[in-house]
Structure formats: structure tokens, C-alpha cells
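Only a predicted model underlies this, so the values are computations on that prediction, with no experimental measurement involved. All chains are named by letter (A, B, ...) in the order of the sequence lines, taking the proteins before the strands, and each is independently numbered beginning at 1. We use all heavy atoms of the structure for the numbers below, so side chains are in, but hydrogens, waters and symmetry mates are not.
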Number of protein chains: 4
Amino acid sequence: MTPLSEEQLEKKRHDRKIQILAAAIKVFAENGIKLTKISVIAKEAGISHGLLYHYFQSKEEVLHASLEWATAGTNELFDEITRHDFSALEKIRHFTKIALSEGNSDTFRVIQHVMRAKDLVLEVTNDLIEKQGSVYIKQLLPLFSQAQADGEIIEDDPQELLALFLTVITGILMEGDQEYWSHNLDHKVNLILRMFTAR
Amino acid sequence: MTPLSEEQLEKKRHDRKIQILAAAIKVFAENGIKLTKISVIAKEAGISHGLLYHYFQSKEEVLHASLEWATAGTNELFDEITRHDFSALEKIRHFTKIALSEGNSDTFRVIQHVMRAKDLVLEVTNDLIEKQGSVYIKQLLPLFSQAQADGEIIEDDPQELLALFLTVITGILMEGDQEYWSHNLDHKVNLILRMFTAR
Amino acid sequence: MTPLSEEQLEKKRHDRKIQILAAAIKVFAENGIKLTKISVIAKEAGISHGLLYHYFQSKEEVLHASLEWATAGTNELFDEITRHDFSALEKIRHFTKIALSEGNSDTFRVIQHVMRAKDLVLEVTNDLIEKQGSVYIKQLLPLFSQAQADGEIIEDDPQELLALFLTVITGILMEGDQEYWSHNLDHKVNLILRMFTAR
Amino acid sequence: MTPLSEEQLEKKRHDRKIQILAAAIKVFAENGIKLTKISVIAKEAGISHGLLYHYFQSKEEVLHASLEWATAGTNELFDEITRHDFSALEKIRHFTKIALSEGNSDTFRVIQHVMRAKDLVLEVTNDLIEKQGSVYIKQLLPLFSQAQADGEIIEDDPQELLALFLTVITGILMEGDQEYWSHNLDHKVNLILRMFTAR
DNA sequence: AATGAATGAGGTTTCATTCAT
DNA sequence: GATGAATGAAACCTCATTCAT
């Protein structure tokens, strides 16, 4: 039989890689970086650990690639948000809902894990995380300032407000009970935003 | 030298244990349960790892005992709070400040670590954590209800409000930048409480 | 395209095998048996490792076949030498030069590698090596004896002399700096032969 | 019971280290660097592999330390040789005998293995080897020059003669049949030296 | 009580070999 | 024939735990 065409092979490789990266983000989010066993990622992806090493050189590379892949997805989020014709506060609310809704939490959690174990992680991965963190700030800070100008959130150092906001979001995501949070989400988001919203 | 009396010996043994447990809580909080090495706890306590096994049977026992010891400390916190002649909201505010102020975070963090890795931990330790969690709820829920009755926090399912509150507190403590939080603490606590306070 | 005839197919198959065996000898010589990866042999031969297994059953078979092929080549060397109308010492000198000149060393080196790791190698391969060793002895020993009879090399147990000679040759070949040895080869050969030559 | 005194402990540690280093040199010499399993060194030393890692950080460190230890021994050899009131040729002969006699070969062989796999080895280890190589040259080259001046070895570039000499010695040592060589050693050494000796 | 030597189970990574295409 | 995806045994190294001193 003839071997697969170059194109078919490339697609298969690509699919497999995505499959591994998705499994990796999930498992890394659950167990942290160091405690995640390559064998568990492989099992989650439904392959042998040997095959995983066919696609990636090391655990560190799996981590880096999975974060690259996952953050790319996150960034689309902002594109979507800014496309809408919402007020600044509405955009913050929208971001909060999406961040807290099921399925989007793994990436945040892995980032959090990396930040707590910077020395166990490649330099490039730390850079990636830092860059990603600044994406959040760069995108959200103007929204906070604008919402203040609109009189929708309280007068205070917007950087401080944003820092508190991100800490709270991150804390909730780290907590892990996503099912609980996806329940009655609108209401919970409103409560969180009450931290900043003008009365 | 005269040998120590039975009583003195017992006291010395007890002090040693406390010394180890304090070291353990600190190191467990920093690194998580599984990633904490017995040797690091021993070093933090200023003893050899061999001696640690003289006082405790296993890492799991160290974890359990350190949590028992630390949560006992936490419980005194409530005694202190309820002694004051504060309003319910003031008591919540007081609790929040103490929880977030430097030095008190380790216990929360270890509890959080345990909850995220329940299967790596003894049944009794999980029970202890659960009981401790219910202590918070048992102590704080009446305060939330009372504050509602006082019209100081919003009308809403108090259980939900408490859950959100605890998640946010926990999230902040897990974030780890305690120095940042001890700065301008009153203001930050006010912002957090705005989630619930009536306007 | 017309399909290849049976005979052409056979030839093509044979050529492929030779191509693999030549690559194998080269790579085995360079890295030793165990450290040589099948994938590297395949790459050297310009094929995929999968195809290599189409022609040979296992790494051990590749080793065996490559040695069979290479030693057959070596044996032609003796035919050539004995055809010349040289004195015994001249024949020994000729053999030495050819053995040390670039390109002929790989076989010696692989043999040497096998002899140092007899237990990692098939019985039949060990037999092959042993037989090949005895070829050298069978061919060279008469030359040494004759050269003694001619008074060209010293009186001594010719077996001992031969053993020393082969050890020295092998040692030089294992050393690996073939470029150095191909330089001013005649002179170096003379020095080596001085071990035995009568004054 | 009281723990061992500092001094006793230090001695025990030192003895164990030597025991491991001796085992390591032997096993490295036999199997090469990469193929030597840490578990085999440990077994040869009569300990568990875990304990080996109690004394050394890594396989690379074992290799380095064992070479340091073994070459220190080799260097004493030259001290001993130069103390004698021998002629230059006699000193060369003495060196040759000692190098070829049983027990001294392992170090040479490990060095040889390292030189053939420079990229698998720490920079410092390569430096150590290089330095050791230059020790041989620095010590032996004057002896060759002197022996020429004495008319005991032939006129030729002494560097070339030394290179040939070292290659031959190394080759013999790599060959591995030390038992054979220790037999009738004087005679064999004489044959080897005939490569250079004036007639 | 006190130390640190000693053990071995378990996690990461490599590579010979098989198999689907 | 031809490719490279897929598997799993085996090797290095870490660390909880035990034990001799």
C-alpha cells in the first residue's frame, strides 16, 4: 500500500498534536506542573507515553506548546469582546462571564501553576506567561479607565482595581468547582462586579 | 547534669513537635503537599530528617498533625472576634482583615492544597479539613444572616454569599503575594466587602 | 511503466541491501554496536527505518549481515596480496599499509566492537568474528614464518609476534584518527614493522 | 545510641566514596561511558543505586570523580619513575611495563572511552582528560629526546615517535586481554620498544 | 534522642520493533 | 515497497522511609 500523502500525514500529525495539547492543559490544570505525569497526559490523550515523545521532546516542551495553543485561544476572546458594541462595564462583565464559564478555566489555572513554580519551567515559558499576563492588563486596563470615565465604576487607582479583579477571578478559577460557578453565573458575576461598580 | 524530670521531658518533646509542625505548615503552604520534601521540613525545623521520624510516623501524619495544630489556632480567632462588641458586619470585616494579614495565610493555603489533592491524603485528614471548613461556615453564616437582618449586607441567599466570600478570600491567599495585600489592607477589605454590603 | 522483471527486482533488492550494509558498517564502526541506533543506519542509507526492517529482521541481523559482507571484502585483500610476487615481509608490509589506509578500517573496528561486547551479540555473529579472526591468522602466520625463514624478521614464537602485530594494528585502527595515519604512511608502517624486523 | 562522631563519619563517607569510584572505573573501563549503567556500578560496589546518589549527584559526576581519583594515582607513577637513577630509555621501558601490567589499564581505557565520546561528557571532564593527556606528553617527550641524545632510540621527530608509542600502548590496553599481556611482559615490552630503539 | 547512611518504588526519557496506510 | 506513527521495556534519578550507630 502506498504511504499517506504528505498532506494527509501533516493533518494527522497536527490533529494528534492538538489532541495531546488539549489533554495536557487539562491535566496540568488539575495537578500542577511538577506533579503531572507524562503517562497521565498520554492516557488522557488515549495514546502511549512513547508516542507523546514522538511529537514533543520533553515534558517542558509539552507544557510550553500547550500554553501557546491555549493562550492563542484566549486571545480570540478579547477580539470577540471588543467587536461588540457594549459599554466598558458591559465588556468587563462579558469577559468575566466567559472567563468563569466552564471550559475556559484550565488555561488560567495552568498559568497560575507556572507562576508559582517559575524555576521549574523554561525561560521561554515564563516569557510566554508574562506576555500573556500583560495581554490581560493591556486589554482590561483601558476598559476599567473608560468605565470610570463613564461613572460606572468607582473612583480609585484603576491598576489596583484591576489587580484585585484579576486576583479574585484567578482565585475562583483555581478553586476548581467549575460546575458550581456555571450555575446562576449572571448573578455571581454581578456580585463580583459590585466590588467596583458605583452605586 | 541531673536528668530531666518526666514532666520536663514531656514538655521538651512537646516543644519539639510544635517546632516541627510550625515548620511543616510553612513549607506545605509554600510548596503543596506532594512537592514538600520531608527533608525540607526537617531543615526548616532545624533537625535531621531522621529525628522527624522519631516524632511522627510518616509525612501524612506530619500533615495531619500540623493541620490539627494550625486549625486549633485558627479557631481561637473566632473566640477573639466574638468577644468584641462589634456589629455582625464589623465582625466579618475583622475576620477578613485577620485572614488576609501576613502570617495567618499558611493554614488556609495548606487546607486549599489538601482540598485539591484529596486522593493523596489520608481519610482522617480529609475529615479534619471538612470539619474545619464547616467551622468557618458555622461561625460565619450567622454573622452573614445577622448582617442581613441589620440591613448592612444585601438580601440574597446567605449561603451563596458566604461561599463567594470564602472563595474570594481563599483565592487571594493562594495568590501568594502577601506583602502586596498587607499594604493598605483596610481599603482592600472594603472593596471586597462591597460585593455584599448594602448601598 | 512496465513492471520490472523478476531478475531486475532481485537485483534492486540486492542493491538496497548492500546500501544498508555499507551504511551499517560505517555507523557501527563509529559508535559501537549498542550505541548505534537503527534510525541512524537508516538515515545514512537514505531510507526510513521502517524500510530497513523490510530487508532485515532485527538490528542483530543487520550487524551480522554487514559483517559477513564486509569480511568477504576483506578476504579479497589477501587474494590480491598473495597474487603479487613479493617476499613474505613485503606482503606483510603491504597488508599493513592497506589495513591502515583510509577506508579499510571500518570492518576492523566493528569486529573489535563485537569482541568487546560478545554478550550483546548473537552466537552466530561471534562465530563469524572468530572465523574471520582465524582467517587473518591463517593467512598471516605463514607469512611470518616464511619471513623468519628468510631472516627478515626476528627469531621468536611467530604466534606471539603475530598476536602483537594484530593487537597493534587493531589499536591503531580503534584510535580513530585515520587522517593522521594516512599521512606519511610508509614511514609509520616501517616503524611498526621494526618491532619484528631483523636488523 | 550516640551517633558516630564527625570524624568517624567522615572516614566512613570517604571509604564509601573510594569504594564507589573504584567500582566505577572498573565498570566504565569495561563497558564505556554511555553503556555503563549506574545500577551496575552500584552492584559492583555492593550498594544500592540509591546510595550511590547519596554520594554523587549524577552519573557524570561519578565519571569525573572516578577519573580524578584514578589519574591522581597514575601521576604518582611518574614520580616513582623519575626517582630512579635510570637512563631515559630505561625509564620509558619502566613506564611501559607499569602501564601494561595488570590493574593499571582501567584508567587508560576510561580515558580512551571519554575521548571517543567527548560530547557525552561534561566540559570539566574533557578538560581533566586533556590535562592528563598532556601530563603523559610532558613527562614522556623529554625522555624520548634524551634517549635520542643518548643514541638509544632512532633519530626521528620525537613527537611522532611518542604519538606512535602512545597509540600502540593505548591500543594494547583497549584490547583488554590483560592476563595475556602480564605474561612474559618484559619480552613483550622489548618488542614494542624495538619500534624506536637504535640497533 | 539524634544523625545520616541505606533502600527501592516510581517518574522521565530513549529506542528497537511492529503496524496501519 | 515505503513511510512514519505507535508501543513498551529499560535506564537515570528522586525521595519517603528504615536502620545502624
Residues passing the ring pair (Phe, Tyr, Trp, His ring centres under 6.0 Å) test with C:Phe108, sequence neighbours excluded, are C:Tyr136
Taking only the side-chain nitrogens and oxygens of B:Arg13, find out if one of them lies under 4.0 Å from OP1 or OP2 of E:dA1. yes
note: D:Tyr55, atom OH; F:dC13, atom C1'; distance rounded to Å ~ 18 Å
Here the salt bridge (charged side-chain N to carboxylate O under 4.0 Å, His left out) pairs for residues 19-35 of chain C, sequence neighbours left out, are C:Lys26-C:Glu44
Taken to the nearest whole Å, CD/A:Glu61 to P/E:dT13 is 11 Å
When rounded to the nearest 0.5 Å, the distance separating CG of D:Leu52 from NZ of D:Lys17 is 11.0 Å
Whole-Å distance, A:His14 NE2 to F:dG4 P, equals 19 Å
Once base and sugar-phosphate atoms are separated, protein heavy atoms under 4.0 Å mark nucleotides 14-20 of chain F, 5' to 3', with B, S and - as BSSBB--
Rounded to whole Å, the CD-C1' distance (D:Glu10 to E:dT3) equals 14 Å
From CG of C:Leu120 across to C1' of E:dC15 the rounded distance in Å is 15 Å
I'd like a table of donor-acceptor pairs (distance under 3.5 Å, sequence neighbours excluded) in which one partner is a side-chain atom from residues 61-69 of chain A, with atom names and distances.
| from | atom 1 | to | atom 2 | distance (Å) |
| --- | --- | --- | --- | --- |
| A:Glu61 | OE1 | A:Gln57 | N | 3.2 |
| A:His64 | ND1 | A:Thr125 | OG1 | 2.9 |
| A:Ser66 | OG | A:Val62 | O | 3.0 |
| A:Ser66 | OG | A:Leu63 | O | 2.8 |

So salt bridge (charged side-chain N to carboxylate O under 4.0 Å, His left out) across residues 105-121 of chain A, not counting sequence neighbours, yields none
Taken in chain and number order and not counting sequence neighbours, the residues that satisfy salt bridge (Lys or Arg N to Asp or Glu O under 4.0 Å) with D:Lys43 are none
A correct dot-bracket answer for DNA chain E, with pairs being Watson-Crick or G-U at under 3.5 Å, [ ] for crossing pairs and | for inter-strand pairs, is .||||||||||||||||||||
Note to self: Any side-chain to backbone donor/acceptor pair from A:Lys59 onto A:Ile33? Under 3.5 Å, distance only.
What the structure shows: yes
A:Tyr53 meets the ring pair (Phe, Tyr, Trp, His ring centres under 6.0 Å) criterion, sequence neighbours left out, with none
Rounded to whole Å, the CD-C1' distance (B:Gln8 to E:dA1) equals 16 Å
Atom CG of A:Leu52 and atom C1' of F:dA6 are separated, to the nearest Å, by 12 Å
Notebook entry, point to check: Closer than 4.0 Å, any side-chain N/O of B:His54 to the OP1 or OP2 of E:dA2?
Noted result: no
note: D:Ile47, atom CD1; E:dG4, atom P; distance rounded to Å ~ 19 Å
Contacts of B:Thr71 meeting side chain to side chain contact (heavy atoms under 4.5 Å, CB included) (sequence neighbours excluded), chain-then-number -> B:Thr107, B:Ile111, B:Gln132
